[in-house]
Number of protein chains: 2
Amino acid sequence: MTTELTIGQLAKDVGVNIETIRYYERRSLLDPTSRLPSGYRLYNSEAQRRLRFIKNAQALGFTLHEIEELLGLRVSSKARCRDVQQRAEAKLKHVEAKLRDLQSLARALRSLLQDCRAGQPTDRCPILKAMEDEKHEKGRTVRKEVN
Amino acid sequence: MTTELTIGQLAKDVGVNIETIRYYERRSLLDPTSRLPSGYRLYNSEAQRRLRFIKNAQALGFTLHEIEELLGLRVSSKARCRDVQQRAEAKLKHVEAKLRDLQSLARALRSLLQDCRAGQPTDRCPILKAMEDEKHEKGRTVRKEVN
DNA sequence: CTTGACCCCGTACTATGGTACAGGGTGTAT
DNA sequence: ATACACCCTGTACCATAGTACGGGGTCAAG
């Protein structure tokens, strides 16, 4: 039986801010296992695992909202793997789209810098000029990701 | 001499929300060229260019704060090209770092999905299991194998 | 029994980039 | 002259993911 941790101990253990844990509780992501008569929150190792799950899923690019759903799925794990898989696939697509946007952004910046270094430095700056023109079409470049 | 536009015309022309233009004004990014006695804002082609500049710079990944600085630089363009260049370089580095993060994130998701398809679908989901483990630690998180 | 570290709750604030009213005035066409 | 689209200001609100703070209670050591 693992010792139950206070909020401060849990925070230190997992490496998050105390306030963050309370914030997750407000978001219904992580409830304390129990409370002392004084009201102090106590967390067991299951809660600890859950908090780590949240942090890991976040590191994988999931938002807290998505994590909430994931945690819901996790409860009854039968045949739910497909759901999780689908979400992970969607997330991957999303990440890949963002990757493409950033790559085109990097290319644009690089070519701008090329021009800039080639051109006369005190003259009209090519970067500013480029940004004044409407060259960077809003079509496939850099669109704002929407979940 | 281009006709001056009202806020609604400008919004339609550039393709942004009216409120966004007023928001930029609050942020001191874009002032109307003049006002009618009624208070109606009027914008000339210079303002129009400035708004486009903002949108293009945004599309290049600059925040409104950075754009504010860029616009400041633009005022007296003499010998400022170096400044702009430096900012663009910093931004490029930033973008490249983000690109690396996203790439490792995509790799992690892909490898998780690999495991998932290989494993038996109704069993314990490998993705969920992976997220429960503390493998992905906060350092440079989420990357299983490198490059 | 007091000190200090820890915890409680509730609320407000941060940054980012807007969007949405409410309650009014204006411009113009019919 | 009246409908209707458009504009004004000011304020509040949205999502996201927390962080900070005030004013108090609690726990353990000395």
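These numbers come from a predicted model, not from an experiment. Order of the sequence lines fixes the chain letters, A, B, ..., with proteins taken first and strands second; residue numbering starts at 1 for each chain.
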May I have the distance from [X] (atom [atom1]) to [N] (atom [atom2]), rounded to whole angstrom?
X: B:L42; N: D:dC8; atom1: CG; atom2: P; value: 9 Å
X: A:E19; N: C:dA12; atom1: CD; atom2: C1'; value: 12 Å
X: B:L51; N: C:dG18; atom1: CG; atom2: C1'; value: 14 Å
X: B:L36; N: C:dG25; atom1: CG; atom2: C1'; value: 13 Å
X: B:I67; N: C:dT16; atom1: CD1; atom2: P; value: 12 Å
X: A:Q9; N: D:dT26; atom1: CD; atom2: C1'; value: 15 Å
X: A:I21; N: C:dC6; atom1: CD1; atom2: C1'; value: 14 Å
X: A:N17; N: D:dT19; atom1: CG; atom2: P; value: 4 Å

Quick one: which of [options] gets closest to the side chain of [X]?
X: A:K55; options: C:dG17, C:dC21, D:dG18; value: D:dG18
X: A:I7; options: D:dA17, C:dC7, C:dA20; value: C:dC7
X: A:Y23; options: C:dC6, D:dG18, C:dT19; value: D:dG18

Shared hydrophobic cluster, A:L71 / A:F62 (ILVMFWY, side-chain heavy atoms < 4.5 Å):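 Same cluster.
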Compare side-chain N and O positions of [X] against OP1 and OP2 of [N] and report whether any pair is under 4.0 Å apart.
X: B:R27; N: C:dA15; answer: no
X: A:S38; N: C:dC8; answer: no
X: B:Q58; N: C:dG18; answer: yes
X: B:T6; N: D:dC7; answer: yes
X: B:R22; N: D:dC8; answer: yes
X: B:Y40; N: C:dG25; answer: no
X: B:R41; N: D:dC8; answer: yes

Salt bridge A:E96-A:K93, side-chain N to carboxylate O under 4.0 Å: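 No, this pair does not count.
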Any side-chain donor near an acceptor of the partner, A:Q58 and A:K55, under 3.5 Å: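 Yes.
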Between A:E4 and A:S34: side-chain donor-acceptor atoms closer than 3.5 Å: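 There is such a pair between these side chains.
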5' priority, DNA chain D, between B:E25 and B:K12 [closest heavy atom]: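 Result: B:K12.
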Touch class at under 4.0 angstrom, heavy-atom based, for B:R26 against every strand present: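 Base contact.
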Polar side-chain atom of A:T63 near backbone of A:E66 as donor-acceptor pair, under 3.5 Å: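 Yes: the side chain of A:T63 pairs with the backbone of A:E66.
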